[in-house]
Every structure is written in structure tokens, then in C-alpha cells.
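What follows is a short report on a single structure.
In what follows, residues are counted from 1 in the order of the sequence shown. Treat the numbers as computed from the prediction; the structure is a model and nothing was measured.
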Amino acid sequence: MAARGTRHRRSVKARVWAGVSVAAAAGLAVTATLSMSAEAAWTSTWNVSASGWIGSDSPQVAVDRQGDSLLAWTACDQATSGCYFRVQTRVRTAAGTTGAIRTLSPDGAAPNWPEVASDDTGDSAVVWQQDGHVVGRRVAASGALVGPLQRLSTSGPASNPVVAVTPGGTAMAAWTEIRDGSEYAVARRIMIDGTLGAPITLGSAHGDKAAIGVDRSGRFVVAWVRGGSEVVARRISSTTVGGALVLTSAIASYAGFGAVRVGVDRDGDAVITYHSGGGDRAQQWASRWSRTGTLSAPLRISASTDNVGFAHALATDLEGDSMIVWNRLNSGRSELLGRRLSAAGTRGAVVALGAGDRPDLAVDDDGDGMLVFHTVVPTSTIPYSYTKTTARTFTRSGGWGTAKILTSDGRVPQVGSRPTARFTVIWQREASPYTIRSVTGP
């Protein structure tokens, strides 16, 4: 990434961090303990999905710069014949006012895997898979639907959509689709009024989910796996589509790449993380691509001796500092590890975070953030396990807070952040009818 001078932080937060201690041994830091005066300032947990509806395991949340959230999920009404799933959304304001549930997908369709992103003032885009295609719809800050449902993909089957939105409201979705038997990564703009831009064919793909991010000037970075053997990325501005850049040439022997994530700072410097399956064992990597086009050598994030799983998360703040969390498989148990990566490319100590899976991360403007994850806990009685959802705060310097269990009946949590370290979490209950629930804090 480009060199930086003195940082000018966007906000100054009046909070006291205490008890931060990190001890390192053999490159692995024991978990730091952090306490915060506002630790108890959580809202009450509330039901996002409607009573009597069955929720699916793909809830999402986006938070705008006023702190208002758009929550998205799929659910079906048990009282109706067939119980067709629908994509639904609702707004929750920073003050705690909850809007009406809106249904975005038509009756009889088969939608799944919604993704959501919001602009600075809450105008949002929601994209999802439906009946072999990728579709999308705009949602106003008020929660009202904008324009008709739009088919984004040009061929089918199409799958694995992702979306990002510029500060001013232009959305870009990316996905993979099959044309004449070959897979391609494709992107397309969704304007704030719901109209579409022309499809942009990014290049050949491998079916794995792409990743997308956007800087404060509205320039997008899209990264994906090409042929299973390399990770590539392109930049897309309002006027140009940059050439494809291979990120993994220096580690081609580790091919078998996947699970790509993208983080972009305010200026457009990007961090792209990904999983490799080649070599002696699976590993976690990060590439840094500056806004001026300089590509740094891939950085090994995990220990070379770890058996890395496929679950990982990345979050990058406005200054370019990132937090990366991934899972390690150890005797059949999934454990989480975390590591800070500075804007200059300095890797922090690896921090052991304990048992967990399906991590998600969000950071505020300054890099203070939250990790959420679920953990399957064995029991001696039927059904012989339960799944709990946990949150942990962390500081921009890499100190970790005490784990807070949000629920002992929750899985696949996702988290979004306000500009100043207040977070909204959404998850699916493990118990029937799998209600979608949410909480905000601390």
C-alpha cells in the first residue's frame, strides 16, 4: 500500500480501555483481556422475523453512518401452503424504532443467500440467488422498496452474489455465472433509483464466491478465484474497468485457493485475504494492493503448521488497518485465531480466541471492532449439543475484550458497525422455528 504520513483519525472516542495485556510465546499470543466502561450498554434482544415464520440460516445486516440498520433474511410462513421462503427486510433506527417487514421476492420463487449493503444515509441494495439467477432490489433509508425486482445475471445458473454501495448510493453487485459451460465472474451496477448498469464480465472464474469492497471516492475492488489456481482482482471506477491482476503468482505452489475477502480503506488501498489448499496443509494468506497499483508479496497469516479451516473474516478501517480472524481445526474442534495487519503491512501477534466457528467482523472508522461467532457446545442429553453466539470487542491496537455470550440458542451471526464503536448483531435461532433475532451494543 502507499506510504502514509501522520494519521488524522476521524473521531475521538471518550472511552477507557483497561487491563490490556498480551503475552507472546512462540509467535502465539494468549488472549488479551480488555474492559470498557460501556460494556453493559446492550439493548434488549428482539425478534426480527415475524411470529410463526421459519427463518433461514443466512441473515445479514448493514449499518449506515447515522447508526440505522437494514436487516435482511429469508423466511417462510408456516400458515401458508408450501411455506415458500421469501427475502425480507426491515429497518431499525439508531434510536431503536423498528420499521415494518418488507417482502422483496415474489411468491413461489426459491430465493436464498441475501447480501446487503448501505450508503452513508441508509439507502441500500439487497441481492440474492433466485431460481438459478442473481437478482437484486433497492431499499430506501425509510425501508420502502425502490423500483421493481431486477434480474442481474445474464445467464444461468448464476450464484454467490456479493454487493457494496458507494457513500453516495451507487451499488455494485458481483457473482459467478455459467455461459456455454464456462464460469465467469460478472459485476453490475444497481443505481439508487433501482435501474441497472450494463453487465461487466470480469473474467473466468471457478464458482467460488467473489468479494467486493469500495473506497470513499466510490471506486470498487472485486476479487475472485480464477480456475482454482489463482486469486485475481480488478478495480472499477465510475469511468473505467482496470485490468485483472493476479495476486498469488508468488505462491502458485499453494494453489487450490478460495474463500476470498476484500477490505478497502478510505483512499482505495485494498487488503485481499484468501485460503489455500495446496502444499502440506491449508493456510491463510493476505495480499495488499495499493490504490496506485503496487502489489505487495502475499503474507502468510496463519502458522505453517496449522490445519486451517474455510471460515474466516476480514475487516479494514478507514486508515487501512485490518483485523483477520480464521478457524483452525484441532482434533475435530474448530478454534478461532485472530491477527492484526497494519496499513503498512506489519503483522501483529496471533491471538488464540478459543473454540468457535463462522466468524464475522466489523470495525468502526478508527479500527475498534467486534468479532461475532458461534460455538457448538456438546451436552450429555438429547440433542447432545447446543449452539451459542458470542461477541468480543477489540481495539485498533489489537487488544481483545472479554467474550460476551449473546445467546445460548443462536448460530451464523453477522455484525455491522456504526462509525463510533456501536455494533448491531443478527443471528438465527437454532431452535424451531429458527427465528431471526438481533441486538445492538455495547
Side-chain angles (χ1 to χ4, degrees), residues 44-62 68-93 96-118 124-153 156-163 173 175 190 194 358 374 383 386-387 389 407 409-414 416 424-439:
S44 299
T45 301
W46 62 285
N47 291 341
V48 179
S49 55
S51 176
W53 287 61
I54 297 175
S56 185
D57 70 346
S58 55
Q60 299 288 323
V61 60
D68 300 332
S69 301
L70 183 71
L71 304 110
W73 67 97
T74 56
C76 74
D77 185 356
Q78 296 183 88
T80 61
S81 176
C83 195
Y84 290 105
F85 279 83
R86 298 167 175 86
V87 173
Q88 297 185 317
T89 59
R90 72 191 309 180
V91 169
R92 174 91 163 187
T93 70
T97 302
T98 302
I101 294 175
R102 314 274 183 162
T103 297
L104 281 64
S105 58
D107 293 347
N112 49 37
W113 313 121
E115 297 279 340
V116 61
S118 299
S124 303
V126 186
V127 298
W128 64 93
Q129 292 176 213
Q130 181 173 293
D131 300 333
H133 282 279
V134 169
V135 300
R137 199 157 191 182
R138 295 300 302 240
V139 178
S142 65
L145 304 184
V146 178
L149 178 68
Q150 297 275 26
R151 194 178 93 175
L152 307 180
S153 52
S159 61
N160 295 325
V162 291
V163 67
W175 64 92
I190 314 172
R358 300 289 291 269
H374 78 215
Y386 67 92
T387 304
T389 285
T407 177
D409 180 15
R411 57 188 303 276
V412 294
Q414 298 285 293
T424 295
V425 186
I426 188 171
W427 67 87
Q428 177 203 33
R429 284 191 65 190
E430 185 181 32
S432 179
Y434 317 112
T435 305
I436 306 302
R437 309 201 78 197
S438 181
V439 70

Cut-off 3.5 Å, side chains only: do Thr98 and Arg92 have a donor facing an acceptor?
yes
Kindly give the heavy-atom pair with the smallest separation between Thr389 and Arg411, and that separation in Å.
OG1-N, 3.5 Å
Taking Gln88 for its side chain and Ala72 for its backbone only, find out whether a donor-acceptor pair lies under 3.5 Å.
no
Minimum heavy-atom separation for Pro106 and Leu149, please, with both atom names.
CD-CD2, 3.8 Å
In short, Gly416 meets Val61 closest at the heavy-atom pair N-CG1, 3.7 Å
Distance col, row Thr407:OG1 vs His374:NE2, nearest 0.5 angstrom, shows 13.0 Å
How far apart are the closest heavy atoms of Asp409 and Ala431, and which atoms are they?
OD1-N, 3.0 Å
What heavy-atom pair brings Val134 and Ser159 nearest, and what distance separates the two atoms?
CG2-N, 3.8 Å
Side chains of Glu430 and Thr387, donor plus acceptor under 3.5 Å:
yes
Please report the interatomic distance CD1(Ile436) to OG(Ser56), rounded to the nearest 0.5 Å.
7.0 Å
For a 4.5 angstrom cut-off between non-hydrogen side-chain atoms, does Trp73 reach Ser49?
yes
For Gln150 and Gly194, indicate whether the former's side chain and the latter's backbone hold a donor-acceptor pair under 3.5 Å.
yes
Hey, are the side chains of Asn160 and Gln129 touching, using non-hydrogen atoms and a 4.5 Å cut-off?
yes
Measure the spacing between CH2 of Trp53 and OG1 of Thr80 and express it to the nearest 0.5 Å.
6.5 Å
Verify side-chain contact (heavy atoms from CB on, under 4.5 Å) between Ser58 and Trp113, making sure each step is shown before the conclusion.
CA-CA 6 Å; Ser58 55; Trp113 313 121; 3.6 Å; yes
Before giving the answer on side-chain contact (heavy atoms from CB on, under 4.5 Å), spell out for Thr103 and Val87 the whole-Å C-alpha distance, their side-chain angles and the decisive distance to 0.1 Å.
CA-CA 6 Å; Thr103 297; Val87 173; over 6 Å; no
Approximate separation, where rounding is to 0.5 Å, of Arg437 CZ and Arg429 CZ:
6.5 Å
Check: Val139 and Leu145 side chains under 4.5 Å, non-hydrogen atoms
yes
Measuring only between side-chain heavy atoms, which start at C-beta, is Asn112 closer than 4.5 Å to Phe85?
no
For Val135 and Trp128: C-alpha separation, side-chain torsions, deciding distance, then whether side-chain contact (heavy atoms from CB on, under 4.5 Å) applies.
CA-CA 6 Å; Val135 300; Trp128 64 93; 3.2 Å; yes
List the atom of Pro161, the atom of Val127, and the distance in Å for their closest heavy-atom pair.
CB-CG2, 3.8 Å
Here the gap from Asn47 atom CG to Thr435 atom OG1, rounded to the nearest 0.5 Å, amounts to 5.5 Å
Can you tell if the side chain of Trp427 reaches within under 4.5 Å of the side chain of Val439, non-hydrogen atoms only?
yes
Measure the CD-CZ distance between Gln130 and Arg86 for me, rounded to the nearest 0.5 Å.
11.5 Å
Given side chains that start at C-beta, do those of Val126 and Leu70 come closer than 4.5 Å, heavy atoms only?
yes
Using a 4.5 Å cut-off on heavy atoms from C-beta on, say whether the side chain of Ser438 contacts that of Thr424.
yes
Heavy-atom distance under 4.5 Å between the side chains of Tyr434 and Ser432, does that happen here?
yes
